Amino acid sequence: MRPVRAIAQALATALLSTCMMAPGDAGLTVGKGAADCRVDVTPLDLPQPSYPIAEAHEGYEDTCEMRFDIDYAGRPFNLDTRCTYAVFRDSAEAAVSRVRFDPGLAQKLSPGNQCAAYLIAYRLE
């Protein structure tokens with residue numbers, strides 16, 4: 001088993017590995033499907049995902065791609081999260097659900113198509 005210090009370092013790495021992406025310049029077309037409207041968004045505050053302790057002990061890593069809509073208050077909803085392991089999906093969704101995004105994105109992104117995109121990487125170092 002890894003010592004507690006390594007677990008704490010893994011948690012810090014999960015926080016620092018959260019990929020921040022500026023809103024993309026990709027053209028948005030209202031009415032197109034989610035595959036056609038991906039826009040990388042940056043939260044107003046960084047999400048703070050927790051690294052699942054059992055997975056850290058076992059050395060598991062993952063990258064979660066999240067797609068969602070943003071409401072007029074800047075809250076993410078309608079999340080579709082793709083990770084290799086379900087426990088990382090749960091952690092990523094919990095973290096992103098607590099942050100806010102630019103409320104103006106609600107007017108710019110095609111509603112119901114999960115155009116907002118965000119990545120969270122879980123890495124042990």
Side-chain angles (χ1 to χ4, degrees):
M1 286 208 169
R2 294 175 185 244
V4 174
R5 181 177 169 186
I7 299 297
Q9 187 175 20
L11 290 170
T13 301
L15 297 177
L16 296 175
S17 295
T18 301
C19 298
M20 287 185 42
M21 298 181 187
D25 292 328
L28 297 178
T29 306
V30 176
K32 289 214 171 187
D36 300 329
C37 69
R38 178 190 169 97
V39 176
D40 295 326
V41 295
T42 302
L44 299 176
D45 294 310
L46 283 179
Q48 298 187 5
S50 59
Y51 208 114
I53 293 174
E55 283 66 22
H57 279 294
E58 295 296 322
Y60 289 109
E61 296 181 333
D62 207 346
T63 299
C64 300
E65 179 182 0
M66 307 180 75
R67 299 289 297 270
F68 48 90
D69 293 310
I70 297 174
D71 70 13
Y72 289 101
R75 294 180 300 245
F77 72 99
N78 196 21
L79 277 77
D80 177 27
T81 305
R82 311 248 167 133
C83 307
T84 302
Y85 304 101
V87 68
F88 288 106
R89 181 191 65 231
D90 295 343
S91 171
E93 285 184 358
V96 168
S97 294
R98 290 188 295 266
V99 299
R100 298 293 174 259
F101 295 84
D102 176 3
L105 290 169
Q107 296 174 346
K108 297 175 186 173
L109 303 177
S110 182
N113 285 323
Q114 298 169 313
C115 293
Y118 193 76
L119 293 176
I120 293 183
Y122 293 86
R123 299 285 176 259
L124 296 168
E125 293 181 9

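What you see is a predicted model, and the numbers here were worked out from it, not measured in a lab.
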Item to complete: May I ask you to decide if the ring planes of Tyr51 and Tyr122 are parallel, tilted or perpendicular, using 30° and 60° as cut-offs?
Response: perpendicular

Worksheet entry | Heavy-atom pair with the smallest gap, counting every atom of Val99 and Pro47 | CG1-CA, 3.5 Å

Response to the item:
Correct closest heavy-atom pair for Glu61 and Tyr85 would be O-CE1, 3.8 Å

Fill in: Phe68 vs Val41 side-chain heavy atoms within contact, under 4.5 Å
yes

Worksheet item: Are Ser97 and Leu79 side-chain neighbours, meaning at least one heavy-atom pair lies under 4.5 Å?
Response: yes

Worksheet item: Measuring from Asp71:CG to Leu105:CG, what's the distance to the nearest 0.5 Å?
Response: 11.0 Å

Discussion item. Tell me the closest heavy-atom pair linking Ile120 and Met66, and the distance in Å.
Written reply: CD1-SD, 4.1 Å

Worksheet item: If you take all heavy atoms of Ala117 and Arg67, which pair is closest and at what distance?
Response: CB-CD, 3.6 Å

Worksheet item: Would you say the side-chain atoms of Arg75 pair up with the backbone N or O of Pro103, donor to acceptor, closer than 3.5 Å?
Response: no

Worksheet item: Roughly how far, to the nearest 0.5 Å, is the CZ atom of Arg89 from the OG1 atom of Thr84?
Response: 11.5 Å

Item to complete: Using modelled atom types only, decide if a donor and an acceptor are shared between the side chain of Ser91 and the backbone of Ser50 within a distance under 3.5 Å.
Response: yes

Worksheet item: How close do Arg100 and Pro76 get, heavy atom to heavy atom, and via which atoms?
Response: NH1-CD, 4.3 Å

Worksheet item: Between Gln114 and Asp69, which heavy-atom pair has the shortest distance, and what is it?
Response: N-OD1, 3.0 Å

Discussion item. Tell me whether the rings of Tyr118 and Phe101 are parallel (<30°), tilted (30 to 60°) or perpendicular (>60°).
Written reply: perpendicular

Fill in: All side chain to side chain donor-acceptor pair (under 3.5 Å) counterparts of Glu55, not counting sequence neighbours
none

Discussion item. Under the rule for salt bridge (Lys or Arg N to Asp or Glu O under 4.0 Å), what residues qualify as partners of Arg82, not counting sequence neighbours?
Written reply: Asp80

Practice prompt. Measure the CG-OG1 distance between Asp102 and Thr42 for me, rounded to the nearest 0.5 Å.
Written response: 10.0 Å

Worksheet item: So, do Glu65 and Thr63 sit near enough that their side-chain heavy atoms are less than 4.5 Å apart?
Response: no

